[in-house]
**Q** 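Mind looking over this structure? Questions follow.
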Amino acid sequence: MLESLLPGLKSLQNPHPLVVHFPIAFLLGAVFLYMLSIAVRREGMAKSAFACLLLGAISALVAAGTGLYAEEGVMVGRSVRAALLEPHEQWMLTATGLSVVLALWAGWRRPMPQRGKSFFLILLVVLLAVIAKGADFGGRMVYEYNAGGSACGQPIELKE
């Protein structure tokens, strides 16, 4: 039934591509809303930011779990695995951990910590930078080395 609605599912090697964009979107939205809530001084916006942060942390855990599950089956050469997959994993596990810590901190001082607010906001921006760096490694695996597809022979070795 699901494959008739989403025929692309039968081509997926694992569920990781289905979930990776949710934490990116939620966490980016959280940072945007937190910054906006400070600019316009609206606590309601900070509550929405907290909801996005919480959903981002939860979806990051799901994305990390599906990524770890998928890791062994990713069809790339050893050189690509070392140069791209392993750094991707390290950066994204760091992002996941940081998002969970920030969500717990914000949840404890709901919707946003007042003590250490500047540090909290700096960490949110750092989180986006960590996500961007990790996503770059993942994107390179997919688009430069066909890590998730079957368009060419596998495994592909790292280009110099």
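Only heavy atoms go into these numbers, but all of them, side chains included; no hydrogens, no water, no symmetry mates.
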**Q** Return each pair, listed once, that meets side chain to side chain donor-acceptor pair (under 3.5 Å) where at least one residue sits in residues 18-40; pairs must be two or more places apart or across chains.
**A**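 Every pair satisfying side chain to side chain donor-acceptor pair (under 3.5 Å) with a residue in residues 18-40: there are none.
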**Q** When rounded to the nearest 0.5 angstrom, what is the spacing between CG in Leu53 and CG in Leu127?
**A**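 Answer rounded to 0.5 Å: 8.0 Å.
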**Q** Which residues pass the side-chain contact (heavy atoms from CB on, under 4.5 Å) test with Phe119, sequence neighbours left out?
**A**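 In terms of side-chain contact (heavy atoms from CB on, under 4.5 Å), with neighbours along the sequence ignored, Phe119 is linked to Trp105, Leu123.
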**Q** Could you work out, with ring pair (Phe, Tyr, Trp, His ring centres under 6.0 Å) as the rule, every residue matching Phe50, not counting sequence neighbours?
**A**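 Partners of Phe50 under the ring pair (Phe, Tyr, Trp, His ring centres under 6.0 Å) test: none.
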**Q** Test of understanding: clusters of I, L, V, M, F, W, Y form through side-chain heavy atoms closer than 4.5 Å, transitively. Do Leu6 and Leu18 belong to the same one?
**A**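 Yes; tracing contacts between hydrophobic side chains, which count when under 4.5 Å, links both residues.
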**Q** Any chain of hydrophobic side-chain contacts (each under 4.5 Å) joining Ile122 to Leu124?
**A**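 Yes, because Ile122 and Leu124 connect within a single hydrophobic cluster, where side-chain heavy atoms sit under 4.5 Å apart.
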**Q** Is Val125 reachable from Leu98 through a run of I, L, V, M, F, W or Y residues, each pair having side-chain heavy atoms under 4.5 Å apart?
**A**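 Yes; Val125 is reachable from Leu98 via cluster members.
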**Q** What residues, two or more places apart in sequence or in another chain, satisfy side-chain contact (heavy atoms from CB on, under 4.5 Å) together with Leu61?
**A**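 Partners of Leu61 under the side-chain contact (heavy atoms from CB on, under 4.5 Å) test: Thr96, Val100.
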**Q** Do Leu128 and Leu28 have side-chain heavy atoms sitting under 4.5 Å apart?
**A**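 Heavy-atom side-chain distance check passes, below 4.5 Å.
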**Q** For Phe22, enumerate each residue passing the side-chain contact (heavy atoms from CB on, under 4.5 Å) test, keeping only those at least two apart in sequence or located in another chain.
**A**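 Result, side-chain contact (heavy atoms from CB on, under 4.5 Å) vs Phe22: Phe26, Ser59.
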**Q** For Ser79, give me all partners under side-chain hydrogen bond (donor to acceptor under 3.5 Å, both in side chains), at least two apart in sequence or on another chain.
**A**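 If we apply the side-chain hydrogen bond (donor to acceptor under 3.5 Å, both in side chains) test to Ser79, skipping adjacent residues, the hits are Glu157.
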**Q** side-chain contact (heavy atoms from CB on, under 4.5 Å) with Glu43: which residues, sequence neighbours excluded?
**A**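 For Glu43, the residues satisfying side-chain contact (heavy atoms from CB on, under 4.5 Å) (neighbours in sequence not counted) are Lys47, Pro111.
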**Q** Atom CG in Leu27, atom CD1 in Ile131: separation rounded to 0.5 Å?
**A**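 Separation between the atoms: 4.5 Å.
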**Q** If you group Ile, Leu, Val, Met, Phe, Trp and Tyr whenever their side-chain heavy atoms sit less than 4.5 Å apart, what else falls in with Val101?
**A**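 Once heavy-atom contacts under 4.5 Å are chained together, Val101 still belongs with nothing else.
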**Q** Under the rule for salt bridge (Lys or Arg N to Asp or Glu O under 4.0 Å), what residues qualify as partners of Arg140, not counting sequence neighbours?
**A**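 Once residues adjacent in sequence are excluded, the partners of Arg140 under the salt bridge (Lys or Arg N to Asp or Glu O under 4.0 Å) criterion are Glu144.
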**Q** Which side-chain N or O atoms in residues 82-95 pair as donor and acceptor under 3.5 Å with protein atoms at least two apart or in another chain?
**A**
unit_1: His88; atom_1: ND1; unit_2: Gly134; atom_2: O; d: 2.7
unit_1: His88; atom_1: ND1; unit_2: Gly138; atom_2: N; d: 3.4
unit_1: Thr94; atom_1: OG1; unit_2: Gln90; atom_2: O; d: 2.8

**Q** Can you give me the closest heavy-atom contact between Ala57 and Ala103, atom names plus distance?
**A**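 Where Ala57 meets Ala103 most closely, the heavy atoms are CB-CB, 3.9 Å.
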**Q** Looking at side-chain heavy atoms only, is the closest gap between Leu121 and Met112 below 4.5 Å?
**A**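 In short, these two side chains touch, coming nearer than 4.5 Å.
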**Q** What is the distance from atom CG of Leu54 to atom CZ of Arg110, rounded to the nearest 0.5 Å?
**A**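 Between atom CG of Leu54 and atom CZ of Arg110 there are 8.0 Å.
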**Q** Is there a chain of hydrophobic side chains (I, L, V, M, F, W, Y, each step under 4.5 Å between heavy atoms) that links Val130 to Met141?
**A**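 Val130 and Met141: one cluster.
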**Q** Taking atom OG of Ser99 and atom CG of Leu55, what is their separation to the nearest 0.5 Å?
**A**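 Between Ser99 OG and Leu55 CG, I get 11.5 Å after rounding to 0.5 Å.
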**Q** Any chance you could pull the hydrophobic cluster mates of Val40, using side-chain heavy atoms under 4.5 angstrom and chaining through other members?
**A**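 Taking Ile, Leu, Val, Met, Phe, Trp and Tyr as members, Val40 shares its hydrophobic cluster with Phe32, Leu33, Leu36, Met45.
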**Q** What about Phe137 and Leu68, same hydrophobic cluster or not, with Ile/Leu/Val/Met/Phe/Trp/Tyr joined at side-chain heavy-atom distances under 4.5 Å?
**A**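 In one cluster: no.
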**Q** Output all residues satisfying side-chain hydrogen bond (donor to acceptor under 3.5 Å, both in side chains) with Lys117, sequence neighbours left out; order by chain, then residue number.
**A**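 Lys117 satisfies side-chain hydrogen bond (donor to acceptor under 3.5 Å, both in side chains) with Gln114 only.
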